[in-house]
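What follows is a short report on a single structure.
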Amino acid sequence: MGKFWMKFLKSTAVIILFIIFGVNYRFQMKESIEKFKQQADENYYLMDKNISAVDKLLNILESSGETYYKKNARVGNNNFNFKYHPKDDLYVSTDSNEERMVVGVERISTRWSVKKELDMSDVLASSYKNILGVMPDIAYIYYVSSNGFINIFPKISDDKYSSMKNIYKLDFVKKELFSKKKREETESFWSGVYKDPLGEDLLISSGAPIYEGNTLKGLITLGLKSDFFVKKINSELITDFFIVDEDNNSLSTTNLKNKEVSKFYDSLPKKIYDKRYKLPDMKPSEIEKIGKYYIYYEQCNFAPWRIYYVTDTLKLHKEMLRSNVLFISVWFMSLIFLYGVSKRKAVVEDSQQTIEKLQVMLRKSDREVEKDFLTGAFNRKGFTKIAGLELDRMKRYDIDACILMMDIDFFKKFNDTYGHACGDFVLRSFVRVVTKNVRLSDIVGRWGGEEFLVLLPETDYKGALLAAEKIRKMVEREVFYYHKQSLNITVTIGVSNLNVRKPLEKAVAEADAAMYRGKEDGRNRVVGFQDIRTKEVKWKNK
């Protein structure tokens with residue numbers, strides 16, 4: 001073959017290699033964007049789950065306060081003594097409690113109703129230390145009374161006394177404590193971003209009103225440090241984030257660095273700011289490319305916030321190159337081969353090292369994780385492991401538990417009608433509802449497809465039926481919105497008891513059999529395995 005044809009073939013081969021590289025580059029870049037979206041979605045779910053946990057803690061405190069008021073005692077048991085501080089114009093409790101304190105922003109009334117409220121707030125405060133152990137990202141827990149006092153934990157130093165009055169000036173306190181017209185069915189709230197009156201950090205608060213009958217007495221409030229949100233969104237590809245409240249204030253890396261509250265648009269990089277008009281039109285779970293940035297948007301389920309995750313093309317390029325080492329190595333080797341490099345032995349050795357590194361990466365990525373990535377629930381391996389630990393505890397203390405097997409009714413229609421992305425949305429939404437309506441000690445796992453398990457520790461059979469019925473009703477009642485399309489979901493649940501004499505596999509099989517009986521009987525119902533055996537099927541949907 002002549003030199004011309006050899007040169008022509010080499011040039012053609014090089015052109016083909018570059019075309020292959022370009023096609024592969026576009027595909028891998030798309031994969032990197034998808035990975036960024038998955039990381040953002042996973043971090044959003046983790047934050048959403050923790051917000052739900054805060055709501056549960058507030059519900060406990062709110063219920064405790066209103067339960068106290070249902071007692072018929074006329075006067076509280078505690079007689080607080082207060083010392084006046086002229087410098088700060090405050091009244092500070094002189095009680096010996098070293099962990100919390102009561103501060104009056106005005107003179108404390110001696111009326112029996114105020115004494116009773118002081119006592120009630122101290123009953124709530126007795127559990128604050130335990131709550132901080134569960135949720136260490138809480139900066140302060142305080143009860144703010146409309147009668148002019150604050151029961152705060154942990155105790156603050158003398159130099160912060162003068163800042164206590166500023167708590168009454170916070171927008172959410174003024175709105176929830178002094179502007180509320182009537183009692184509403186659901187009144188827990190989340191504040192926007194604000195500067196901590198007692199320190200330098202930026203806080204976001206969650207709170208709930210405490211009523212005596214229909215009379216609003218005060219607010220129980222959890223002030224959450226910015227770390228509560230920041231550490232939940234750390235990931236490999238996310239370079240920045242913005243939690244935006246109803247007043248368009250944002251919590252972001254820039255805000256945290258400056259320790260100042262700023263408007264959302266003022267915190268944006270210039271390239272995004274110049275095209276900020278695109279942001280209001282974004283839909284949940286959507287990615288928008290603005291300049292060199294990719295932005296992923298979510299609307300928070302449990303709080304009135306918009307959440308934006310940001311990455312840049314340089315970060316995506318690095319991820320693409322990192323995950324595509326083998327292809328790039330082979331591509332370069334092919335180019336080098338075509339141009340006849342003399343040191344081919346060194347090239348082969350380098351290639352072998354690259355392949356070995358890739359094999360190590362693949363072995364590492366093939367290790368099974370214990371969480372289902374799509375829903376955030378435990379996967380089968382993780383659920384089995386947790387259940388095994390619970391069985392060990394049951395053996396030690398001779399206690400029982402129960403298993404719920406849940407299957408989303410007519411799940412296939414969501415995939416067939418709206419596509420698999422809608423099916424994924426339904427699975428995530430279903431798990432959020434279930435997680436919100438079980439105890440913190442209960443374990444939620446994805447068994448496979450649209451089937452989920454819940455392990456209920458220290459729960460008898462009747463209690464499990466009640467818990468399952470609560471989940472069924474809440475799922476049926478919830479309306480889910482997917483791209484402005486309202487969706488209704490129902491679930492069929494089978495119940496089986498679990499004890500030290502019954503293996504987990506048998507309990508799951510019994511719950512599965514009960515669940516399938518529920519499917520045969522018309523779906524959207526709870527069926528217990530013991531009821532199947534006695535032919536007395538109860539708890540049907542009425």
Side-chain angles (χ1 to χ4, degrees), residues 28-51 137 139 190-196 200-204 224-323 373 376:
Q28 292 298 330
M29 193 64 177
K30 187 177 180 180
E31 288 289 304
S32 296
I33 295 171
E34 186 62 29
K35 185 175 180 180
F36 159 67
K37 181 179 179 180
Q38 290 173 348
Q39 289 181 357
D41 198 49
E42 181 182 26
N43 283 296
Y44 164 74
Y45 174 76
L46 288 173
M47 187 173 69
D48 209 35
K49 183 178 179 182
N50 280 276
I51 289 172
D137 291 323
W190 283 86
S191 75
V193 185
Y194 67 94
K195 186 75 169 284
D196 178 12
E200 294 299 319
D201 198 6
L202 298 181
L203 301 182
I204 293 178
L224 294 161
K225 304 173 187 175
S226 53
D227 287 348
F228 176 84
F229 304 94
V230 176
K231 69 182 181 184
K232 302 299 183 297
I233 58 91
N234 287 335
S235 80
E236 189 178 349
L237 291 178
I238 297 173
T239 58
D240 206 348
F241 74 98
F242 299 89
I243 300 174
V244 187
D245 64 25
E246 293 176 302
D247 296 323
N248 229 30
N249 295 321
S250 70
L251 183 66
S252 67
T253 51
T254 303
N255 300 144
L256 294 174
K257 183 178 179 181
N258 298 333
K259 298 295 183 182
E260 292 292 339
V261 178
S262 65
K263 294 298 182 182
F264 171 46
Y265 291 140
D266 294 339
S267 305
L268 291 171
K270 187 177 185 307
K271 294 287 185 181
I272 301 178
Y273 180 85
D274 291 341
K275 297 185 179 180
R276 59 192 181 279
Y277 59 85
K278 291 187 176 182
L279 298 177
D281 295 329
M282 291 185 67
K283 298 176 181 178
S285 303
E286 181 178 84
I287 287 183
E288 179 77 40
K289 187 176 187 297
I290 299 179
K292 66 174 185 176
Y293 297 98
Y294 287 86
I295 302 173
Y296 178 80
Y297 167 67
E298 273 290 4
Q299 179 69 50
C300 192
N301 284 324
F302 298 103
W305 305 324
R306 309 190 311 276
I307 303 174
Y308 298 88
Y309 298 97
V310 180
T311 191
D312 58 48
T313 51
L314 179 61
K315 197 82 172 177
L316 296 176
H317 282 306
K318 289 180 179 178
E319 171 63 20
M320 185 273 293
L321 294 172
R322 186 192 66 79
S323 61
F373 178 77

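Annotation: Phe242 is in aromatic contact with Phe264 [ring centroid separation under 6.0 Å]. The aromatic ring centres of Phe241 and Tyr309 sit 6.0 Å or more apart.
Taking CD of Glu42 as the start and OH of Tyr44 as the end, the distance is 14.0 Å to the nearest 0.5 Å. To the nearest 0.5 Å, atoms CG (Asp312) and CG (Asp240) are separated by 10.0 Å.
The minimum heavy-atom distance linking Asn249 with Lys263 is given by the pair OD1-NZ, 3.3 Å. Closest approach of Ser191 and Trp305 over heavy atoms only: O-NE1, 3.4 Å.
Applying the side chain to side chain contact (heavy atoms under 4.5 Å, CB included) criterion to Asp196, with sequence neighbours excluded, gives Tyr140, Leu198, Leu203. Here Gln38 pairs with nothing under the side-chain hydrogen bond (donor to acceptor under 3.5 Å, both in side chains) rule; sequence neighbours left out. Scanning for side chain to side chain contact (heavy atoms under 4.5 Å, CB included) contacts around Asp274 gives Lys270, with sequence neighbours left out. Under the rule for a side chain to side chain contact (heavy atoms under 4.5 Å, CB included), the partners of Glu246 that lie at least two apart in sequence or sit in another chain are Pro304. In this structure Tyr194 satisfies the ring-ring contact (aromatic ring centres under 6.0 Å, His included) test together with Phe172, sequence neighbours excluded.
Under the 3.5 Å distance criterion, the side-chain polar atoms of Asp41 are left unmatched by any main-chain donor or acceptor of Lys37.
Put simply, the side chain of Ile307 does not reach to within 4.5 Å of the side chain of Val244, judged on heavy atoms. Two residues are said to be in side-chain contact when any heavy atoms from C-beta on lie closer than 4.5 Å; Asp245 and Leu251 fail this criterion. Ser250 is not listed as a side-chain neighbour of Ile243, based on a closest heavy-atom distance of 4.5 Å or more. Thr311 has its side chain out of reach of Ile238: every pair of non-hydrogen atoms, C-beta onward, lies at least 4.5 Å apart.
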Enumerate donor-acceptor pairs with a distance under 3.5 Å from any side-chain N or O in residues 280-295 to protein atoms, sequence neighbours excluded.
residue : atom : partner : partner atom : Å
Ser285  : OG   : Glu298  : OE2          : 2.8
Glu286  : OE1  : Lys283  : N            : 3.2
Lys289  : NZ   : Gly291  : O            : 2.6

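Side-chain polar atoms of Tyr265 and Asn248 form no donor-acceptor pair below 3.5 angstrom.
In this structure, Lys275 places its NZ atom where only 12 or fewer heavy-atom neighbours from other residues, nucleotides or ligands lie under 6.0 Å away.
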